[in-house]
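Each remark here refers to the structure printed beneath this line.
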Protein chains: 4
Amino acid sequence: MRLRVRFAETDQMGIAHHSAFVVWFEAGRVEWLRDRGMSYRTLEEEGVSLAVSELRVHYRRAVRFDDVLHLDTRMTDLRSRGCAFSYVLASEETGVVAARGQSLHVATDRGGRAIRIPGAWYERLRRAADDEAA
Amino acid sequence: MRLRVRFAETDQMGIAHHSAFVVWFEAGRVEWLRDRGMSYRTLEEEGVSLAVSELRVHYRRAVRFDDVLHLDTRMTDLRSRGCAFSYVLASEETGVVAARGQSLHVATDRGGRAIRIPGAWYERLRRAADDEAA
Amino acid sequence: MRLRVRFAETDQMGIAHHSAFVVWFEAGRVEWLRDRGMSYRTLEEEGVSLAVSELRVHYRRAVRFDDVLHLDTRMTDLRSRGCAFSYVLASEETGVVAARGQSLHVATDRGGRAIRIPGAWYERLRRAADDEAA
Amino acid sequence: MRLRVRFAETDQMGIAHHSAFVVWFEAGRVEWLRDRGMSYRTLEEEGVSLAVSELRVHYRRAVRFDDVLHLDTRMTDLRSRGCAFSYVLASEETGVVAARGQSLHVATDRGGRAIRIPGAWYERLRRAADDEAA
């Protein structure tokens, strides 16, 4: 996934604010699903969310307004009730890594209660995770 | 309403980003309602939103990280299907105006359809608007 | 300019928050400049900002998570000390207009003082504005 | 530190977006410094930033629009070139923990280069960290 740093994402240090990376990682998850034929929007419309239960970010290099970034997203774990993703964000031009991250997710219903990932979705995620590991 | 500019709200110009004011005005509306015994959260829980249909902001002075601001919010119009608010944002220390704004709102249901403001809410808003005009 | 609504840009009404449009319009200005051979990043690096002095947004239709939007940005005025842009945001799929906006800008130096747009930049903006009007 | 969840901080799941917590933690650091007689704004004006190098968040309970939260911030480590903070975010009403977090920071100059924390600042941070441990 390709991203361009928005002006609104900068802070007075002249770099992208560290909270922007969290938003980009989320966009990375959505694109990861789309690239594998799944729509997070549809999942949400069916009443299922992949709520973030844990997040880790290692910031390596600052990124600046208008920088073009490449975000590599992978599913690193899949269970009946949740999953995990990892992220590598790098400069598109230089390939230098700007940040790495991981997130854990639990499937929840509209009321925020933990649920099992519905069967059909789980199967599709399973195949995508297997393809990735292959 | 008293606000302190957050670091995340700054941009690389070293000032609060112009989109932050829009978020502050919204917080001002919520506090305006609370100060008059109404909860925007409850209104939303009852399925009614005051969706923004129009927004104007005049930026007069930049505000900086950690500045303490005073936001004066007023309801300037109330109709069966919507209302209007105006805002004056000023430095708490100097009183210098940083921005003025206006917003128009339409009442909507959960599906986003325009509706009449429910009677009991309309009456409360009416009294609050009248008190303000008095 | 093509945009996809991010999950983080939604609010509990289930639609993109009205402050997100303000961020998108800014991204539209940056791309408008880039499309005409100008870099807003370079302008900023030279110590010149186009600070927002006034902003208007008319919201027509809600947009939702994952919607793909088309943003049409135009420069509508250019003066020695500032400029104006207008925006039309529409669904890429249906062409239905979601919002229209206008912004006024004043050129400022790093200290936030109003300045004249530097000559070389003014000329480039002038040509771009003339091309657009033609 | 006391916080109220803003409407703009919610997402379409009807809860505060997970990136909002990152912004709140930052506000917590600023208030931690202020409570101990230090101004992060002044530190930045002197050309020193405490850039985030690592961030961890454990999300325990969703928080909702208009919830009042209590954020407890502590400095957990101080070195010549950086420091660490931890956070506990809880409902003010019930005391139930919504999230815990940790952040690591490196001191940087205006160019983003890692530096030693200036002596006078280090001493003040040292005393504050010692008081906290006592």
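What you see below is based on every heavy atom in this structure, not just the backbone, and it leaves out hydrogens, waters and symmetry mates. Each chain gets a letter, A, B and so on, in the order its sequence line appears, and its residues count up from 1.
- Of the two parts of A:Ala99, neither the backbone nor the side chain holds a non-hydrogen atom closer than 4.5 Å to a non-hydrogen atom of chain D.
- Between chain A and the options D:Leu104, D:Val57, D:Val106, heavy-atom pairs under 4.5 Å are most frequent for D:Val57.
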Please list every donor-acceptor pair closer than 3.5 Å that links chain D with chain A, giving the two atom names and the distance for each.
residue: D:Gln12; atom: NE2; partner: A:Glu44; partner atom: OE1; Å: 3.0
residue: D:His17; atom: NE2; partner: A:Glu26; partner atom: OE1; Å: 3.0
residue: D:His17; atom: NE2; partner: A:Glu26; partner atom: OE2; Å: 2.9
residue: D:Glu26; atom: OE1; partner: A:His17; partner atom: NE2; Å: 3.0
residue: D:Glu26; atom: OE2; partner: A:His17; partner atom: NE2; Å: 2.9
residue: D:Glu44; atom: OE1; partner: A:Gln12; partner atom: NE2; Å: 3.0
residue: D:Ser53; atom: O; partner: A:Tyr59; partner atom: N; Å: 2.9
residue: D:Glu54; atom: OE1; partner: A:His58; partner atom: NE2; Å: 3.4
residue: D:Glu54; atom: OE2; partner: A:His58; partner atom: NE2; Å: 3.3
residue: D:Leu55; atom: N; partner: A:Val57; partner atom: O; Å: 2.9
residue: D:Leu55; atom: O; partner: A:Val57; partner atom: N; Å: 2.9
residue: D:Val57; atom: N; partner: A:Leu55; partner atom: O; Å: 2.9
residue: D:Val57; atom: O; partner: A:Leu55; partner atom: N; Å: 2.9
residue: D:His58; atom: NE2; partner: A:Glu54; partner atom: OE1; Å: 3.4
residue: D:His58; atom: NE2; partner: A:Glu54; partner atom: OE2; Å: 3.3
residue: D:Tyr59; atom: N; partner: A:Ser53; partner atom: O; Å: 2.8

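- Contacts between D:Ala51 and chain A at a heavy-atom distance below 4.5 Å involve backbone atoms as well as side-chain atoms.
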